[in-house]
Amino acid sequence: MTEQLGYFLLSWLDPSLLLLTAAGTLAGIYIGAIPGLSVTMAASILISFTFAWEVNDALALIAGVFTGGVYGGSRSAILLNIPGAPAAIATALDGYPLARRGEAGVAIGLSTVMSVIGGFVGILALAVAAPVISDFALLFAPRDYLLLAVMGLLLVGTMSGESLAKGLFAGALGVALGMVGLDPMTAENRFTFGTVQLMAGIPYIAAMIGFFGVSEALVQLHRLGVKPVKQDVSRIIPPWHLVRKYLPLSLRSSLIGVVIGALPGTGGDIAALMAYDQAKRTVKNPSRPFGEGAYEGLIAPESANNAAVGGAYVPMLTLGIPGDAVTAVIIGALFIHGLKPGPMLMIETPHLFWFTVGNLTLANIFLLVFGLTGIRAFAKLVECPPAVLIPLILVLSVVGTYSIQNSVVDVYFMLGFGIFGYLLKMYGFQVGPVILGMILGPLMDVSWRRAIISVGDDLGFFLEEALSSPLTLVLLAFMAFLLLSQVPRPDWLRRRR
Amino acid sequence: MMHRRTLLGGLAAAPLLGATAAQAQAFPSRDLLGVIQWGAGGATDVTGRAVTPHVEAALGQKIVLQNRTGGTGAIGLTYVHGQPSDGYTLLYGAENPLLYKVLNISRLDYTDFTPICLLARSVPVIVANKDKPWNTLKELVEDVRRNPGRIRMASTGPGGQAHVVSTMIGSMGPFRHISVPFDGEGPGLTAIQGGHADWMTVGSGAVAEHVRAGRVKALAVFNEAPLPSLPNVPPATADYPELARLMPWGSFYGVWAKKDIPDAAREKLVAAFRTGAANPQFTQLMTGNGNVVMNTSGAEAERFLARWQSVTAWILQEAGAARTDPATLNIPRPS
Amino acid sequence: MTARPRPGRAPFPRNHAMHEIRRQREPGETPFGFVLLLLSLGVMAEGHRLQGFEALSAPGVVPVAAGAVMALSALVIILGTRRLAPAPGGFARRIAPRDVALSVLMIAAYMAALEPVGFHLATLVFLAGIILYLRRGGLGFALAVSLASVIAVHVVFRMVFTVVLPQGWLLRGILPPGLLQ
């Protein structure tokens, strides 16, 4: 026990490790906030230049960048409606309306505190229950991933805006966009029209920047003359009673985050969207209607995506299986440093496990500190006149899109999506479902086909297997509940709140 | 002038400015770009990132590494092919491009490139869910024959290691099974452990630790001799000696440059990679992961590639899995 | 350095307020619906090409399903649109007012210039130009902002993250070598 505590505190007591974790967290926040710079990219760059370092130093830096980066995406989502990272897509839905109401400071403060709470839940789950969670994650068969994807897509119903048909169209369009490229299962070309560029698919970060950022910038051009809303920066750190009020929601969302994060094949982006959906369904009287700046719509995804960080480490440390793209890079780093990530890692090098847990805890503390400082300056950014801010957003969108894979073609796509998204918005569509479809469509596609191939295209056998798996039954029951809760209630039921 | 890397215009502008001649004199005079055709954390990525620091030391310049993934590696390969033939852009690749033409994935493949160094190869290991009754390859094959179309194999897509090895086993007699494609070896192994697939073929590097921990059961290594990292696992030839004609076979990782780069640049690169891949730190890492260090270049590497392509393409053709007949591509039948 | 305030423009359709139901048909909304319908049929056609109607596990199954949902929704959308009363004002006033149309053209030109001219010069000109236009004057301010932005982007992306920004080949021989780097 004392030995484990020693490893846990290793990075707290060693000044250079402490400094590296702090530097990583701070850098991560900005990497996350700048669209186009991803944590995966930062982690792989870091691994190249930490090659000659001690493995602990490298891991400390990466843990910091990971923690900071997942959080940092919320900054640009709230301020500019450009999610800095896919995990912050759900954050933009209510975070940006908050900023437009002059509450950017409150939104950032609240998302910081809730991210840290989510982060701690994730770490706690990792420390206490890692083997149990990873065994649970292994139970998920392709059909269960299919159910998860479909459940996530049901969010379209609550993200539709003025008409369900428009929401459905946008969601299905997203699914179709997600199909573009070489089919991962048969290597057949889908929607590529013979171009090699499209074989890798449409990078959804480019679509995200176009649909969210550029289209919103174009919409804003309509009100150049309107003075930007004055930002209230008097209370940045959320008061204790507010934190306590939302604690149950934050904890619920964090649990969703841990489980989705631990599943290999799903990460923080899906966790945040699912948590948002959960909040929308379970919170009876939100501070404001969802989509117009509800605190609940900000808290749920922000708690979940940081909890997913701890979740993603679970299968990595216990089984050597990456929980997401970043942990895949970390596994590569461990290999390069001569360690053998795998089921024996925790048994043969237990210090690595406790060192990681301690390190993530430390990174979350730094996150709280860095996250709550400098908010005023950030919030004031939105007060910048639109005639200057909009051009800067456009350039940032271009550079960000270009840097995903150094491709000018992606930039053209981004602009195309921006203009298309602008038209969609002008004609009363919401663009959120498009991105939702792009993220969940591929998961649904491969899971469905994998599930059907597994039973030799035999639907009877498929049902037989599905109905004999307790996990699948639970997921099915849960989905039925979601569907029923979406059916509009008769008037007399709705009137009495 | 030479410190500039253009994306499209380099080809047109470079001769105009006489840059090619200058570059050849003192190659390399600036940073190189290494394009990795597979994702971060994968075997190609890990091998490439592990060798590069040692190569940089020998070369005296940095190699900036970048993952360009997608299209089973075709995206990265096509990108490098579109760059100027000056030796400043390298392709870090695996075996897949050798099957691009047979599987109609791309019209480019390694024949448009020159191998700078084949770094290492992995040996396929046939593994099964630990609760399955089979303990040898023979038991698995016979069970598949008794229950055709019932037993599930996890694969990594057409042309992937699992697909090709199962086709090779199938070349010895009836072998009808369900093949469920997963996103890679890691997800496939996860499915095996969860019982969502029964068996698969995985590279030795990815699976050694799982076997050692008893999470999966290794039935055979697809090799003529046991592996040092898995000493108790019998070679596949113990049960089926006729498989020996197809061996050695497995994934391999290497570095390529465009075919028409200046000879001086090629020689510099080959020498630097030979030194880098001989670094004990690198070789230890590779053998520790259950890989076999190759460190070959030039004619020997070309021979290895040609043989690999011929064996694999024709096995796929005989199984009806090829989309273009290797004969029309002038790929000779294996002798 | 001062930007003149501008008079308010056409009434802005509020899309953010989800609960507010639009009563008017925007110009171009019906043709847009038909474009969406065509898009849906295209998606279904590609799904069909990929055997989406033939096998449950074919690569075309999900595209066919997505295309079908798109087509049905598009039909509902078109029918719904027809019931609305048209909004006053044409396409050029409500959907593509001058600020939006010109800005889009400027962005398109900027993107087209990225590769030939290089990132730095193209961005400098684009930013200065669009700020100058949107603020209706203030050349010095526009130049200062764009220069500062280009430097900031260069430091963060090129130097810290080693992203190789487009360098440009058009002006290689003309400008001194250090300028575009």
Side-chain angles (χ1 to χ4, degrees), chain A residues 34 37 41-42 45 97 100 161-163 165-166 168-169 172-173 175-176 179 183 185-186 188 190-191 218-219 221-226 289 291-292 385 387-388 390-392 394-395 398-399 402-403 406 408 411-412 415 419 422-423 425-428 430 441 444-445 448-449 452-453 457 459, chain C residues 3 5-10 12-13 15-19 21-22 26 29 32 36 39 43 46 50 55-57 59 61-63 66-67 69-70 73-74 76-77 80 95 97 99-100 103-104 107-108 110-111 114-115 123 126-127 130-131 134-135 145 149 153 156-157 161-166:
Chain A
I34 298 174
L37 297 184
M41 176 178 159
I45 292 174
R100 297 211 61 81
E162 69 171 39
S163 93
K166 289 184 174 174
L168 281 177
F169 182 89
L173 174 70
V175 171
M179 298 297 106
D183 170 26
M185 301 181 81
T186 61
E188 210 153 334
R190 296 196 284 190
F191 301 100
L218 293 178
V219 168
L221 281 173
H222 281 265
R223 30 181 160 180
L224 274 180
V226 184
E292 294 178 24
V388 178
I390 293 174
L392 291 180
L394 292 173
V395 167
V398 169
V399 191
Y402 177 80
S403 10
N406 300 306
V408 177
V411 179
Y412 293 134
L415 177 64
I419 295 171
Y422 168 76
L423 288 176
K425 282 184 170 183
M426 295 311 285
Y427 294 133
Q430 296 289 319
M444 179 176 76
D445 175 55
W448 159 254
R449 288 161 61 202
I452 283 296
I453 291 174
D457 276 22
L459 272 181
Chain C
R6 310 137 38 70
R9 294 223 148 225
F12 176 73
N15 298 311
H16 299 287
M18 285 188 179
H19 296 263
I21 292 167
R22 286 183 326 122
E26 293 294 327
E29 193 160 351
F32 189 68
L36 297 185
L39 197 66
V43 170
E46 177 78 353
L50 298 162
L56 283 172
S57 58
V61 168
V62 172
V69 172
M70 284 167 70
S73 323
V76 174
I77 292 166
I95 305 294
D99 284 351
V100 175
S103 298
V104 167
I107 306 166
Y110 166 50
M111 286 179 186
L114 274 179
E115 285 198 317
T123 307
F126 165 73
L127 261 185
I130 193 168
I131 293 178
L134 292 178
R135 292 182 80 236
V145 170
S149 313
V153 168
V156 174
F157 284 83
F161 280 92
T162 62
V163 173
V164 184
L165 297 163

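Here is how names work: the chains are called A, B, and so on, in the same order as the sequence lines, proteins then strands, and each is numbered from 1.
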Tell me the closest heavy-atom pair linking [X] and [Y], and the distance in Å.
X	Y	result
C/Leu127	A/Pro391	CD2-CB, 3.7 Å
C/Glu26	A/Met426	CG-O, 3.7 Å
C/Leu56	A/Trp448	O-NE1, 3.0 Å
C/Ser73	A/Ala165	CB-O, 3.3 Å
C/Val62	A/Asp445	CG2-OD1, 3.3 Å
C/Val100	A/Leu218	CG2-O, 3.8 Å

So how far is it from [X] [atom1] to [Y] [atom2], rounded to the nearest 0.5 Å?
X	Y	atom1	atom2	answer
A/Leu394	C/Thr123	CG	OG1	11.5 Å
C/Ile77	A/Tyr427	CD1	OH	13.0 Å
A/Leu392	C/Ile130	CG	CD1	10.0 Å

Residue pair A/Arg449 / C/Pro59, side-chain heavy-atom distance below 4.5 Å: yes
Who among C/Val69, C/Leu50, C/Leu39, C/Val76 has the most heavy-atom pairs with chain A under 4.5 Å? C/Leu50
Interchain contact, [X] with chain A, by part (heavy-atom threshold 4.5 Å):
X	answer
C/Val61	side chain
C/Ile95	both
C/Leu36	both

Comparing A/Val175, A/Leu173, A/Ile453 against chain C, the one with the most heavy-atom pairs below 4.5 Å turns out to be A/Leu173
Looking at chain C, which one of A/Ser163, A/Ala172, A/Ser403 has the largest number of heavy-atom pairs inside 4.5 Å, strictly under? A/Ala172
Give, as side chain, backbone, both or neither, the part of A/Val399 having an atom under 4.5 angstrom from any heavy atom of chain C. both
Under 4.5 Å from a heavy atom of chain C, the part of A/Asp183 involved: side chain
